[in-house]
Amino acid sequence: MTSPAGKQFSQEDAERLAEYEEVIFLCGRYEGFDARIDSLIDEKLSIGPYVLSGGELPAMVMMEAISRNIPGVLGNEDTLKDETF
């Protein structure tokens, strides 16, 4: 779930999530989600210490970072070895 209260997303998270067959992001809008949904999610992730109106943009940022770590997406695996962040 995307949430400003979640753990801040990192490169380590991107690499870890790239190993999954599927990743599903739940994106709240304005007031977010009812607390009853907490039992249905694996983790809450944030892209920074600020609040946006919805979780769609954070999900897109995380998908971009995750997909770069999937073999074949970049076309040249050596690209990841030389990157710094």
Side-chain angles (χ1 to χ4, degrees):
M1 174 190 309
T2 59
S3 170
K7 173 191 171 290
Q8 188 154 342
F9 183 75
S10 68
Q11 181 64 29
E12 290 176 352
D13 293 316
E15 293 168 5
R16 174 178 58 84
L17 293 171
E19 295 178 13
Y20 285 87
E21 183 72 25
E22 292 181 347
V23 175
I24 298 171
F25 287 100
L26 297 178
C27 304
R29 193 80 184 144
Y30 302 113
E31 293 297 318
F33 295 99
D34 187 294
R36 292 174 287 184
I37 199 170
D38 283 350
S39 64
L40 304 174
I41 62 166
D42 295 316
E43 60 186 310
K44 292 180 184 179
L45 294 170
S46 170
I47 60 167
Y50 46 85
V51 177
L52 300 172
S53 294
E56 301 87 358
L57 291 175
M60 290 173 61
V61 168
M62 289 186 272
M63 286 188 295
E64 169 73 15
I66 293 165
S67 65
R68 294 175 52 75
N69 291 282
I70 297 172
V73 168
L74 294 179
N76 181 355
E77 300 304 313
D78 292 333
T79 303
L80 287 175
K81 294 177 189 172
D82 297 330
E83 289 185 337
T84 60
F85 51 91

S67 side, atom OG; L74 side, atom CG - distance, nearest 0.5 Å: 7.5 Å
Residue L40 excluded, over 12 heavy atoms near CG under 6.0 Å: yes
Heavy-atom neighbours of Y50 OH exceed 12 at 6.0 Å: yes
Spatial distance of atom CG (L26) from atom OG1 (T2) [nearest 0.5 Å]: 8.0 Å
Spatial distance of atom CZ (R29) from atom CG (L52) [nearest 0.5 Å]: 9.0 Å
Approximate separation, where rounding is to 0.5 Å, of S46 OG and M62 CE: 7.5 Å
Hphob cluster co-occupancy, I37 + L45, side-chain heavy atoms under 4.5 angstrom: no
Atom CG of D38 with >12 non-hydrogen neighbours under 6.0 angstrom: yes
side-chain contact (heavy atoms from CB on, under 4.5 Å) assessment of S53 paired with Y30: CA-CA 5 Å; S53 294; Y30 302 113; 4.0 Å; yes
Over all atoms of both residues, closest heavy-atom pair of N69 and A14: ND2-CB, 3.8 Å
Closest non-hydrogen atom pair, C27 against G55: SG-O, 3.4 Å
Positive for side-chain contact (heavy atoms from CB on, under 4.5 Å) with F25, one of M63, M1, E56: M63
From L17 atom CG to I66 atom CD1, the distance as rounded to the nearest 0.5 Å: 4.5 Å
Nearest heavy atoms of Q8 and D13, plus distance in Å: O-OD2, 3.6 Å
M60, CE atom: more than 12 neighbouring heavy atoms under 6.0 Å: no
